[in-house]
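Because only heavy atoms are used, hydrogens play no part in the values below, and waters and symmetry mates are left out as well, while side chains stay in.
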Amino acid sequence: MSGKENMRTAPEKETQKKIYVLDLFRAAGCVLIFGFHCDWLAGNRLYDLVFARGYNMVTFFFVLSGFATYLRYRGTFSSLKRAELAAFYKKKLLRIYPLYFVSLLLSIPVSYCFFQLPGVQDRARYLFLNLFALQSWSRELDVWFAFNDVAWTISTELLGYGIAPFAIYLLNRQNSKMNIVKMGLALFGLYLVFFFGISQNSLSRWLTSVFPLVRVWDFIIGLLAGRLYALVKESKKTLRSASCLEILALLLTGAVLFVPQLNQKMIFQMEYIPFFVFLIFVFNFEEGICSRGILKLQISASKTFLFYMFHKIVMRYAHTTVLWKVFGDIGYALVLGGLTYIAVTIIHFAVNFMGKGKREERAVSG
């Protein structure tokens with residue numbers, strides 16, 4: 001391997017290891033989102049304290065996606081070549097869309113038969129927008145949640161991946177840590193001005209919570225954090241008092257998520273971004289006692305994604321049964337969690353089995 005090739009691949013190998021440190025947080029975020037969707041538990045002390053703000057983990061996912069994408073592909077997009085762009089987009093589409101399409105297909109029967117949807121023309125339009133993951137570009141609430149509720153985030157995720165190669169290419173040319181910090185602060189400042197400058201109505205809810213051109217800012221801030229992390233690592237610096245910083249990051253993030261006196265004053269999801277960035281940034285160094293402990297836990301990132309994508313579908317089908325009468329409110333939530341995990345395990349096995357068959361087929365044909 002030539003020196004140039006080694007420079008290109010080394011960052012990706014390093015990053016693959018680092019991303020695993022954050023898989024536990026991603027899984028914890030999915031649990032919080034699942035709990036939030038168990039809204040029949042509202043009024044329960046545990047629900048109100050732990051799960052009522054679980055929707056904020058969507059912001060965490062966007063920031064984490066941007067952070068991980070930069071670190072994984074910073075070597076790939078040191079230049080912009082058509083073949084590398086095509087390979088990147090193909091990989092992301094094949095990772096996301098087939099599972100997204102399956103989730104949409106599974107959600108159609110229960111959405112049409114059990115939940116009240118509008119007339120035929122509107123149904124066709126809703127299905128068209130959801131089929132191409134365009135639902136979040138519509139300001140109509142019914143379009144976002146017509147089928148698989150949580151899939152609205154895919155619109156933003158695809159947009160983030162769409163701009164990622166070009167953003168990474170530009171960020172790679174910025175070698176000043178202070179300039180990266182300034183860019184992040186400026187973007188977050190614009191975010192604040194935009195969010196607090198609009199009136200509170202149904203349009204503002206769409207703009208601040210769903211609209212991809214706004215939510216992709218979370219992803220871009222993650223890219224900036226990834227670049228800053230890479231520059232710090234390249235300078236061969238280590239975190240001083242790493243364990244203390246990790247504990248501080250956990251305490252601050254936990255406080256804004258779970259302390260009512262704090263989170264009730266936080267109006268928008270973007271207000272959580274600085275805490276999420278701090279948590280992701282500090283833990284990715286793997287130098288503190290907390291992150292080293294997490295490394296011993298093996299959490300499947302693909303299963304976490306599947307759990308997120310399919311848990312609302314399991315819920316919708318379960319709502320058509322009498323399970324809740326049999327198990328009660330809390331028992332019903334636990335049963336749904338178990339059913340979702342079983343469904344995810346089956347889907348994960350099927351995906352891996354088909355992927356293994358294709359790899360063997362290519363090896364034989366090659």
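- Between Arg215 and the options Thr208, Thr156, Thr59, a side-chain hydrogen bond (donor to acceptor under 3.5 Å, both in side chains) holds for only Thr59.
- Closest non-hydrogen pair, Ile96 versus Ile154, comes out as CG2-CG2, 3.8 Å.
- Applying the side-chain hydrogen bond (donor to acceptor under 3.5 Å, both in side chains) definition to pairs two or more places apart or across chains, those involving residues 180-192 are Tyr191-Asp218.
- In this structure, a donor-acceptor pair under 3.5 Å is present between the side chains of Ser111 and Arg316.
- Side chain of Arg227 to main chain of Leu223: no donor-acceptor pair is present (N/O by atom type, distance under 3.5 Å, no hydrogens or angles).
- Formation of a donor-acceptor pair under 3.5 Å by the Gln174 side chain with backbone atoms of Ile180 is not found in this model.
- Between Phe51 and Phe34, the distance from one ring center to the other does not fall under 6.0 angstrom.
- Taking hydrophobic clusters as Ile, Leu, Val, Met, Phe, Trp and Tyr residues chained together by side-chain heavy-atom distances below 4.5 Å, Phe285 does not share a cluster with Ile289.
- Of all heavy-atom pairs spanning Ile313 and Ser103, the tightest one is CD1-O, 3.1 Å.
- The hydrophobic cluster containing Ile273 also contains Ile163, counting ILVMFWY residues as joined when their side-chain heavy atoms lie under 4.5 angstrom apart, directly or transitively.
- Below 30°, between 30° and 60°, or above 60°: for Tyr332 and Trp40 the angle between ring planes is between 30° and 60°, a tilted geometry.
- Not a single donor-acceptor pair under 3.5 Å links the side chain of Asn179 to the backbone N or O of Ser176.
- By the rule that hydrophobic residues join a cluster once side-chain heavy atoms approach within less than 4.5 Å of another member, Leu190 and Val216 end up as members of separate clusters.
- A cation-pi arrangement is present between Arg95 and Phe305, with the terminal nitrogen or guanidinium carbon under 6.0 Å from the aromatic centre and inside a 45° cone about the axis.
- Each of Leu257, Leu251, Leu250 was checked for a side chain to side chain contact (heavy atoms under 4.5 Å, CB included) with Thr253, and the lone residue meeting it is Leu257.
- Residues Ser209 and Tyr55 have side chains that never bring a donor and an acceptor to within less than 3.5 angstrom of each other.
- A tilted orientation is assigned to the rings of Tyr97 and Tyr100, their planes being inclined by 30° to 60°.
- Here the closest heavy-atom approach between residue Arg125 and residue Val143 is recorded as NH1-CG2, 4.2 Å.
- Heavy-atom minimum distance, Trp144 versus Ser136: CD1-CA, 4.4 Å.
- Across every non-hydrogen atom of Asp149 and Trp152, the tightest pair is O-CD1, 3.0 Å.
- Closest heavy-atom contact between Phe188 and Met270: CE1-O, 3.3 Å.
- Phe281 has its ring centre no less than 6.0 Å from the ring centre of Phe67.
- Relative ring orientation between Phe60 and Phe276 is described as perpendicular, the plane-to-plane angle rising above 60° on a 0-90° scale split at 30° and 60°.
- Ile330 and Trp324 end up in the same hydrophobic cluster when Ile, Leu, Val, Met, Phe, Trp and Tyr side chains are linked at under 4.5 Å.
- Sorted by first and then second residue, the side-chain hydrogen bond (donor to acceptor under 3.5 Å, both in side chains) pairs involving residues 41-51 (not counting sequence neighbours) form an empty list.
- Hydrophobic clustering (side-chain heavy atoms under 4.5 Å, transitive across Ile, Leu, Val, Met, Phe, Trp, Tyr) keeps Phe349 apart from Phe307.
- Trp137 contributes no side-chain N or O that, together with a main-chain N or O of Pro212, makes up a donor-acceptor pair within less than 3.5 Å.
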